[in-house]
Amino acid sequence: MELKLYNTLTKTKDIFKPLEGNEVRMYSCGPTVYKDATIGNMRTNIFQDVLRRVLKYNGYTLKHIMNITDVGHLVSDADEGEDKMIKSAKEEGKTPLEIAEFYTKRFMNDLLSLNIELPEIICKATDHINEMIEFVSGLMEKGYAYETSTAIYFDVSKLDEYGVLSGINLEEQKAGARVDIDQEKKNPYDFALWIKAPKNHLMKWDSPWGVCYPGWHIECSAMGKKYLGEQFDIHTGGIDLIPTHHENEIAQSKGLTGKNPAKFWMHGEYLLINGGKMSKSLGNVYLLNDIIKKGYSPLAYKLFCYSASYRNKINFTWEAIDASNKALIKLKESYKKHFEGNENVQDEIINNYENKFNEAINDDLNMPLAMSIVWEVAKYSVKSKKLADLLLKFDTVLGIKIDELEENNEEIPNDILELVEKRKQARLDKNWDLSDKLRNEINEKGYNVKDLKDDMIVERI
RNA sequence: GGCGUUGUAGCCAAGUGGUAAGGCACGAGUCUGCAAAACUCUGAUUCGGCGGUUCGAAUCCGCCCAACGCCUCCA
């Protein structure tokens, strides 16, 4: 079946085929590890995970790279200001390395909680300083870069075109409208490849241009080239990376190799919070941990993300997460019912569902549509192992561990268990007054009882 | 100022010319000593508004209204 993916470069859904053989080479812009990743960041990671899984579902093998940015991201524009890593280090009284390790670990934990497959290669910027220096040297040799008193800049005027992703037209942009002009820069859109480090700068390396540290974009180009070659299949990231980071990556690579590094550029849209942007000033920055703390499964967040297309904004509300959490539990219970079922379903029906599912995911990862088919299978009145197997197959794309019930590992305190035992007896005695009284008592202590035919289940409310 | 996106039932949202997917909530029923849970059923003659094109529009065009985003670090 044909796989179509939306390509930011062409602004259309293009048919996807790997450049070489059966292997898909893919690069994803990873986190800058100076603070915790938000659920917004995680939406992009979930999108990338679905992409991976859909590619595998289509029979391709993957060579997927994700970088960890542990240096060189400045807090302000105009190529000046503090490095984010260093700023966090100062604030938290740690070294930049400690900061990077700390937040990398927490980021990885989030990926694990969300059952996101790890890329084949995860690489750190600081481990690839030499590759970056080589890249910059190459650009200098070819005349695409020049040195100023503060940095090595990329000269965008040397390119045939700049802004192929975002569609900006350099001539129409007012220079310095929002950014102070650096008098040494040849063009306002020139960006720093390599920055000369002030004496007290914490992270710096020797280079042909003195003691320096990398610019914001060079790491991705250098590492992409090292692991995936001059041109690979897919480059992904958040939508905000289009106008600056990805344009500059393309510029750098075109300068050095003459090629756009990726055939497909794919971008995940923003997550909105109550209809607006997530921002510190509004106090609506949520972490995955905030969702977990409220008693929801992290996979409920993943399922929530599937309710919208990755290319559309989605509005986060607690009501919606609550809905997704219930849906998650229901889906898993539906799987269990099919798994325990002994009825038969015609292969034709199975094939039909599978085709519809394939069609949905292969149409630019249409997860909302795919989910509607998943639900049809889950709710199918005939309970059959064949349908359980089908759901399991779908789950290779969904990654919600459909065959694992959400575990309730919480220990029920003894005093609650005692009340439950008393209530069981009261019910056997048909002493409804006492039974109701005990139920109220249990509820007041924060627990709920579910009466089954011969048993009683207790759980925390 | 420039560029762009969105507006579909209470909430999250599919659907881009052929007569409104799905999930959750609500409501009804079954079950239950009663509840809860579970199970079953149910919801928009209508897609921000007004015009237009068309045999036919949520889908195309025009205008208007509203919300949001980018142009600066951000997934």
Side-chain angles (χ1 to χ4, degrees), chain A residues 28-32 34-35 37-48 73-79 81-84 87 163 166-169 172-174 177-180 216 236-245 267-280 285 300 303-331 333 337 356 360 363 366-376 378-379 381 426-427 430-433 435-436 439-440 442-443 448-453 456-457 459 461:
Chain A
S28 295
C29 286
T32 303
Y34 71 106
K35 63 172 184 183
T38 67
I39 55 172
N41 299 126
M42 284 303 145
R43 185 184 181 202
T44 302
N45 287 102
I46 288 168
F47 144 61
Q48 286 160 180
H73 236 102
L74 305 185
V75 292
S76 81
D77 55 2
D79 304 325
E82 266 183 305
D83 180 300
K84 281 178 179 172
K87 185 166 181 279
S166 52
I168 57 167
N169 184 329
E172 283 174 8
Q173 300 290 326
K174 287 178 191 163
R178 301 285 299 270
V179 179
D180 290 334
W216 321 341
T236 70
I239 197 162
D240 53 303
L241 297 182
I242 294 173
T244 309
H245 184 58
H267 297 93
E269 249 292 358
Y270 270 132
L271 173 84
L272 303 181
I273 307 288
N274 294 319
K277 196 180 171 179
M278 189 189 301
S279 76
K280 263 186 188 169
V285 174
L303 199 59
F304 164 73
C305 289
Y306 295 164
S307 68
S309 154
Y310 77 91
R311 284 200 290 128
N312 281 341
K313 294 177 185 71
I314 188 172
N315 193 26
F316 178 90
T317 61
W318 287 109
E319 195 180 352
I321 285 297
D322 195 55
S324 295
N325 198 62
K326 282 177 183 154
L328 179 70
I329 292 166
K330 221 169 163 181
L331 265 185
E333 280 170 357
K337 280 175 197 164
K356 279 160 89 177
D363 180 16
N366 190 336
M367 294 307 281
L369 190 59
M371 284 313 298
S372 73
I373 294 142
V374 171
W375 278 106
E376 268 187 56
K379 293 173 111 173
S381 57
R427 294 189 76 231
K430 296 195 192 298
N431 185 345
W432 308 125
D433 284 347
S435 162
D436 289 352
R439 181 169 60 199
N440 284 338
I442 292 166
N443 288 160
N448 194 28
V449 278
K450 291 183 186 175
D451 294 335
L452 304 182
K453 262 188 182 162
M456 206 178 282
I457 292 175
E459 58 187 27
I461 293 173

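Note on naming: letters A, B, ... go to the chains in the order of the sequence lines (proteins, then strands), and numbering restarts at 1 for each one. Since the model is a prediction, treat every value here as computed from it, not as a measurement.
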Item checked: Whole-Å C1' distance, U59(B) and A14(B) -> 13 Å
Notebook entry, point to check: How would you label the contact of Ile314(A) with the nucleic acid (heavy atoms, under 4.0 Å): base, sugar-phosphate, or nothing?
Noted result: sugar-phosphate
Note to self: Run the side chain to side chain donor-acceptor pair (under 3.5 Å) test against Asp451(A) and tell me which residues pass, sequence neighbours left out.
What the structure shows: Arg423(A)
Check: Got a sec, which residues hit ring pair (Phe, Tyr, Trp, His ring centres under 6.0 Å) with Trp432(A), two or more places apart in sequence or on another chain?
Finding: none
Checklist line | Qualifying residues under salt bridge (charged side-chain N to carboxylate O under 4.0 Å, His left out), relative to Lys379(A), sequence neighbours excluded | finding: none
Notebook entry, point to check: Taking a pair as Watson-Crick or G-U wobble with both distances under 3.5 Å, which nucleotide is matched to G1(B)?
Noted result: C71(B)
Notebook entry, point to check: How does protein contact run along nucleotides 65-70 of chain B, one letter per nucleotide 5' to 3', with B for base contact, S for sugar-phosphate only, - for none, heavy atoms under 4.0 Å?
Noted result: ---SSS
Margin query: According to salt bridge (charged side-chain N to carboxylate O under 4.0 Å, His left out), who are the partners of Lys337(A), at least two apart in sequence or on a separate chain?
Written below: none
Next item on the list: Starting from the 5' end of RNA chain B, give me the residue, Gly268(A) or Trp375(A), whose nearest nucleotide shows up first.
Entry: Trp375(A)
Check: Which residues satisfy the side chain to side chain donor-acceptor pair (under 3.5 Å) test with Tyr310(A), sequence neighbours excluded?
Finding: Asp364(A)
Checklist line | Ser28(A) (side chain) donor-acceptor with Gly30(A) (main chain) under 3.5 angstrom | finding: no
Margin query: Test of understanding: with side chain to side chain donor-acceptor pair (under 3.5 Å), list the residues that count as partners of Asn45(A), not counting sequence neighbours.
Written below: none
Note to self: What's Glu269(A) touching, base or sugar-phosphate or nothing? Going by heavy atoms closer than 4.0 Å.
What the structure shows: base
Checklist line | Integer angstrom distance from the C1' of G22(B) to that of A13(B) | finding: 8 Å
Checklist line | Distance between P atoms of A9(B) and U46(B) (Å, rounded) | finding: 12 Å
Check: Can you tell me the Watson-Crick or wobble partner of U46(B), both distances under 3.5 angstrom?
Finding: none
Margin query: Is it the case that the side chains of Asn312(A) and Ser309(A) hold a donor-acceptor pair, with the cut-off being a distance below 3.5 Å and no angle test?
Written below: no
Notebook entry, point to check: Starting at CD1 of Ile329(A) and ending at C1' of G23(B), how long is that distance when rounded to a whole Å?
Noted result: 14 Å
Checklist line | Leu271(A) CG to C12(B) P, straight-line distance once rounded to whole Å | finding: 12 Å
Notebook entry, point to check: Can you tell me if Ser324(A) uses its side chain to pair, donor with acceptor, with the backbone of Ala320(A) under 3.5 Å?
Noted result: yes
Note to self: What is the separation between atom CG on Asp322(A) and atom C1' on C26(B), rounded to the nearest whole Å?
What the structure shows: 14 Å
Item checked: Between A75(B) and A58(B) - P atom distance, rounded Å -> 40 Å
Checklist line | Euclidean distance, atom NZ of residue Lys326(A) to atom C1' of G23(B) [Å, nearest integer] | finding: 12 Å
Next item on the list: Scan every strand shown for a Watson-Crick or G-U wobble partner of A37(B), both distances under 3.5 Å, and answer none if you come up empty.
Entry: none
Check: Does Asp363(A) have any salt bridge (charged side-chain N to carboxylate O under 4.0 Å, His left out) partners at least two apart in sequence or in another chain, and if so, which?
Finding: Lys13(A)
Item checked: C26(B) pairs with, by Watson-Crick or G-U criteria that keep both distances under 3.5 Å -> none
Notebook entry, point to check: When the C1' atoms of A44(B) and U40(B) are considered, how many whole Å apart are they?
Noted result: 22 Å
Next item on the list: Identify the nucleotide, in any strand shown, that forms a Watson-Crick or G-U wobble pair with G7(B), with both distances under 3.5 Å; if there is none, say none.
Entry: C65(B)
Check: What is the distance from CD of Glu319(A) to P of A9(B), rounded to the nearest Å?
Finding: 14 Å
Next item on the list: Work out which heavy atom in Leu331(A) is nearest to a heavy atom in Ala378(A); give both atom names and the distance.
Entry: CD2-CB, 3.8 Å
Next item on the list: Once you apply the 3.5 Å cut-off to both distances, tell me the Watson-Crick or G-U wobble partner of A21(B), or none.
Entry: none
Item checked: Whole-Å gap separating C1' (U5(B)) and NE2 (His267(A)) -> 16 Å
Item checked: P atoms of A57(B) and G17(B), separation to the nearest Å -> 14 Å
Next item on the list: Determine the interatomic distance between C1' on U30(B) and the same-named atom on G23(B); round to the nearest Å.
Entry: 23 Å
Notebook entry, point to check: What's the closest nucleotide to the Ala308(A) side chain, out of G23(B), A13(B), C12(B)?
Noted result: A13(B)
Under-3.5 Å N/O pairs linking protein and nucleotides 15-19 of chain B:
residue, atom, partner, partner atom, Å
G15(B), OP1, Asn366(A), ND2, 3.4

Checklist line | Pairing partner (Watson-Crick or G-U wobble, both distances under 3.5 angstrom) of A14(B) | finding: none
Item checked: G62(B) and C3(B), which share atom name P, separated by this distance in whole Å -> 15 Å
Checklist line | Of the listed nucleotides A75(B), G22(B), C12(B), the one nearest the side chain of Leu241(A) | finding: A75(B)
Next item on the list: Can you tell me the distance, in whole Å, between the CD1 atom of Ile239(A) and the P atom of C3(B)?
Entry: 18 Å
Check: Who passes salt bridge (charged side-chain N to carboxylate O under 4.0 Å, His left out) against Lys35(A), sequence neighbours left out?
Finding: none
Notebook entry, point to check: Which letter, B, S or -, goes with each nucleotide of nucleotides 31-41 of chain B from 5' to 3', with contact meaning a protein heavy atom under 4.0 Å?
Noted result: --BBBBSSS--
Checklist line | Residue list, side chain to side chain contact (heavy atoms under 4.5 Å, CB included) with Asp436(A), at least two apart or on another chain | finding: Arg439(A)
Checklist line | Spacing of Ile321(A) atom CD1 relative to A25(B) atom P, expressed in whole Å | finding: 14 Å
Next item on the list: Would you please test Lys313(A) and Glu269(A) for salt bridge (charged side-chain N to carboxylate O under 4.0 Å, His left out) and show each step?
Entry: CA-CA 5 Å; Lys313(A) 294 177 185 71; Glu269(A) 249 292 358; 3.4 Å; yes
Next item on the list: Report the base-pairing partner of G56(B) (Watson-Crick or G-U wobble, both distances below 3.5 angstrom), or none.
Entry: none
